[in-house]
**Student:** 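Encoded as structure tokens, here's the structure I'll be asking about.
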Amino acid sequence: MTQVRLRFSPAPTGFLHIGSVRTALYNWLQARHVGGTFILRIEDTDVARSTQESVDQIQQVMHWLGLEWDEGPYLQSARFDAYLAAAAKLVDAHLAYECYCTEAEVKERNEQAMREGRPPGYGGQCRDLTAEERAARAAEGRPVSIRFRTPDEGRSTFTDVIRGEVSVDWSTISDFVIVRSNGTPVFFLANAVDDVDMQITHVLRGEDLIDSTHRVLALRHALGHDDQPVYAHMPLILGPGGGKLSKRHGAVSVEEYRDAGYLPEALTNYLALLGWGPDDGREVLTVDEIIAEFELERVNTSSATFDPKKLEWMNGEHIRARPLPELVSAVLPFARTRYGARLDIGRFERAVELAQVRATTLVQIADQMAFLFTPDEEIEIDPASLEKATKAERAAEILDAVIEFVEGCEWTAEIDPRHAIEALGVKPGKVMHILYTAIEGRGQGLPLFDSIGMLGRESSLRRLRALRARL
RNA sequence: GCCCCGUUCGUCUAGAGGCCCAGGACGCCAGGUUCUCAUCCUGGUAACACGGGUUCAAAUCCCGUACGGGGUGCCA
């Protein structure tokens, strides 16, 4: 039995899109599920658009998500010789040819064809040039690219694990460029050569590449390799409302989710469920559970709409599932940037514990504890909460009673002032928002009794009196 | 335009001819628990795109139409 080898092969031309991450994830899952090898291959054949920054970013994001690779990163830009040698071999065998048409000419012809209602595509102008004709064009100073000659008839067919048999008429696929006039190889060529050289056994990628597979396979065949890797084209991820997932739907890069307080395991869990699910219907899963249950054959055929709401819910589930110490370390960076030197670790850990059951993002957790690290005189009271508190019936009376209680009570971790309120004949539940406003600056937040306990008697009294003074 | 792929609640999905007048989850709505908010619990809402076949029987198979997505690049 041959070793299973998969690769994730992004083009480093920008941030890593959510859709690309899902592709990386599925490749990684399949590799881990069967004990295969996961390879990272950077497809930077388009030198003009590729950036080192993007190469670095891809790796950072994959580390953060836990998608560790076993080989690579291999850079295609370091293997141009291999691709160009393959191209030369194809030209020698008359399976590819030198093309002297300029980009502008090709573009113009395509537009012309569209206007006349004919299908666009390269017309084969340079297919059968004689040596003299080639020399003449070269003498004119025309640029030279290399085109692969596709069959004029017949059908191209391959089997897709997810979709079954996929086929297309060769007549609809015109000759395509495999080496640009600037001498750099194109995706189809590099992809075909590398998948052979790196002994890739399974190709998992987005449905948008389904048509290109015919071309890659034809190249592979022309280069003398009739064996094929297993292909699986996964459904695309759409934005809310259909169409491409884009900025206006919220974040589309992993960094944005990381910075918004999402846990990597929540993101991978949610993304794994977009197009796949275990057969028992469970949804909140650990990575190990997903690896154990992942089946390529169970991947869906239809595209899925990205739902930020469900992701947020799932993030909350994973926040609750994390052991407290691990949640604490995840929230810490967010708290540091917010509270800096004022951060008190003891209070911080307790606050995270109190917030764990009620938050859906790490940012929420960090924000909810703001009142603990803000000096009494700098507490900003939320306007809406203040208005509600000041308009509440008997607010002054209630605050006076609570102040008196806090002044004299025995101090413990949880200070419960409800008796003082009940003594006035008032139901505590209805007026607690007044106390939350005084202590935390908002009508709701971390549990009040613990909050007062953490703040201490003096600080709590200053805050209660400050609000009393504003009534 | 042409080619490819797809189509079950608003969204993610279960469903591989009878178990389905379609199940779960998110969201939403209504109750309950609770010191607030949230969590949590209970209940409710809501779908087989359409039209033809095949079959004793179709969400499930076939054909067509509509709709959606992708491709048609010297991007990947």
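Residue numbers begin at 1 in each chain, while the letters A, B, ... track the order of the sequences.
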**Student:** Rounding to a whole Å, what distance do you find between A:Asp211:CG and B:C75:C1'?
**Tutor:**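 For the pair A:Asp211 CG and B:C75 C1', the rounded distance is 15 Å.
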**Student:** Rounded to whole Å, how long is the line connecting atom CE of A:Met314 with atom C1' of B:U11?
**Tutor:**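 My rounded result for the distance is 13 Å.
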**Student:** Starting at atom NE2 of A:His214, determine the distance to atom P of B:U72, rounded to an integer number of angstrom.
**Tutor:**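 The distance from NE2 of A:His214 to P of B:U72 comes to 13 Å, rounded to the nearest Å.
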**Student:** Quantified in whole Å, what is the C1' atom distance between nucleotide B:G71 and nucleotide B:A30?
**Tutor:**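 Their C1' atoms lie roughly 48 Å apart.
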**Student:** What are the two closest non-hydrogen atoms of A:Phe371 and A:Glu440, and how far apart are they?
**Tutor:**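 Smallest interatomic distance, heavy atoms only, reads CE2-OE1, 3.5 Å.
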**Student:** Heavy atoms from C-beta onward define the side chain here; which of B:U72, B:C74, B:G6 lies closest to that of A:Ser302?
**Tutor:**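 Minimum distance to the A:Ser302 side chain belongs to B:G6.
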**Student:** Mind calculating the distance between CZ (A:Arg215) and P (B:C3) to the nearest angstrom?
**Tutor:**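 Computing the A:Arg215:CZ to B:C3:P distance gives 16 Å.
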**Student:** Scan side-chain atoms only and decide if A:Asp175 and A:Tyr97 contain a donor-acceptor pair under the 3.5 Å cut-off.
**Tutor:**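 Yes.
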**Student:** Among A:Arg7, A:Arg79, A:Arg220, find the one that has a salt bridge (charged side-chain N to carboxylate O under 4.0 Å, His left out) with A:Asp194.
**Tutor:**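 Testing A:Asp194 for a salt bridge (charged side-chain N to carboxylate O under 4.0 Å, His left out) against A:Arg7, A:Arg79, A:Arg220 leaves exactly one candidate, A:Arg79.
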**Student:** Could you tell me how far apart A:Arg163 (CZ) and B:G6 (P) are, to the nearest whole angstrom?
**Tutor:**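 Going from CZ in A:Arg163 over to P in B:G6 covers 6 Å.
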**Student:** Has the side chain of A:Ser181 got a donor or acceptor atom sitting under 3.5 Å from an opposite partner on the base of B:C74?
**Tutor:**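 By the distance-only test, yes, there is a pair.
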**Student:** Among B:C4, B:C5, B:C74, which is the nearest nucleotide to the side chain of A:Arg155?
**Tutor:**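 In terms of side-chain proximity for A:Arg155, the closest of B:C4, B:C5, B:C74 is B:C4.
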**Student:** Going through the distances and angles, do A:Arg205 and A:Thr213 end up as a side chain to side chain donor-acceptor pair (under 3.5 Å)?
**Tutor:** CA-CA 10 Å; A:Arg205 43 179 4 185; A:Thr213 299; 2.7 Å; yes
**Student:** Starting from the 5' end of RNA chain B, give me the residue, A:Ser167 or A:Pro278, whose nearest nucleotide shows up first.
**Tutor:**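 By nearest-heavy-atom nucleotide position, the 5'-most residue is A:Ser167.
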**Student:** Which nucleotide in the set B:C74, B:C75, B:A76 lies at the smallest distance from any side-chain heavy atom of A:Arg49?
**Tutor:**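 From the listed options, B:C75 comes nearest.
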**Student:** Closer than 4.0 angstrom, basic N to acidic O: yes or no for A:Arg137 and A:Glu140?
**Tutor:**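 No.
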**Student:** Would you kindly say whether A:Asn182 and A:Thr184 are connected by a side-chain donor-acceptor distance under 3.5 Å?
**Tutor:**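 Indeed, the side chains of A:Asn182 and A:Thr184 share at least one donor-acceptor pair under 3.5 Å.
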**Student:** Counting distance alone, no hydrogens or angles: does the base of B:G71 have a donor or acceptor under 3.5 Å from a partner atom on the side chain of A:Asp208?
**Tutor:**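 No, no donor-acceptor pair under 3.5 Å.
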**Student:** Encode nucleotides 59-65 of chain B as B, S and - characters from 5' to 3', where the letter depends on protein heavy atoms closer than 4.0 Å: B to the base, S only to sugar-phosphate, - to neither.
**Tutor:** -------
**Student:** Generate the contact string for nucleotides 23-40 of chain B. Rules: B means base contact, S means sugar-phosphate contact only, - means no protein heavy atom under 4.0 Å.
**Tutor:** -BBS--------BBBBSS
**Student:** Evaluate side chain to side chain donor-acceptor pair (under 3.5 Å) for A:Arg109 paired with A:Gln112, printing each intermediate quantity in order.
**Tutor:** CA-CA 5 Å; A:Arg109 285 182 206 135; A:Gln112 175 81 16; over 6 Å; no
**Student:** Could you give the CG-to-P distance, from A:Leu236 to B:U7, as a whole number of Å?
**Tutor:**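 Distance, rounded to whole Å: 14 Å.
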**Student:** Indicate yes or no: does A:Glu397 engage A:Arg394 in a salt bridge with an N to O separation below 4.0 Å.
**Tutor:**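 Yes, this pair counts.
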**Student:** Hey, is A:Lys388 close enough to A:Asp382 for a salt bridge, meaning N to O under 4.0 Å?
**Tutor:**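 Looking at A:Lys388 and A:Asp382, the cut-off is not met.
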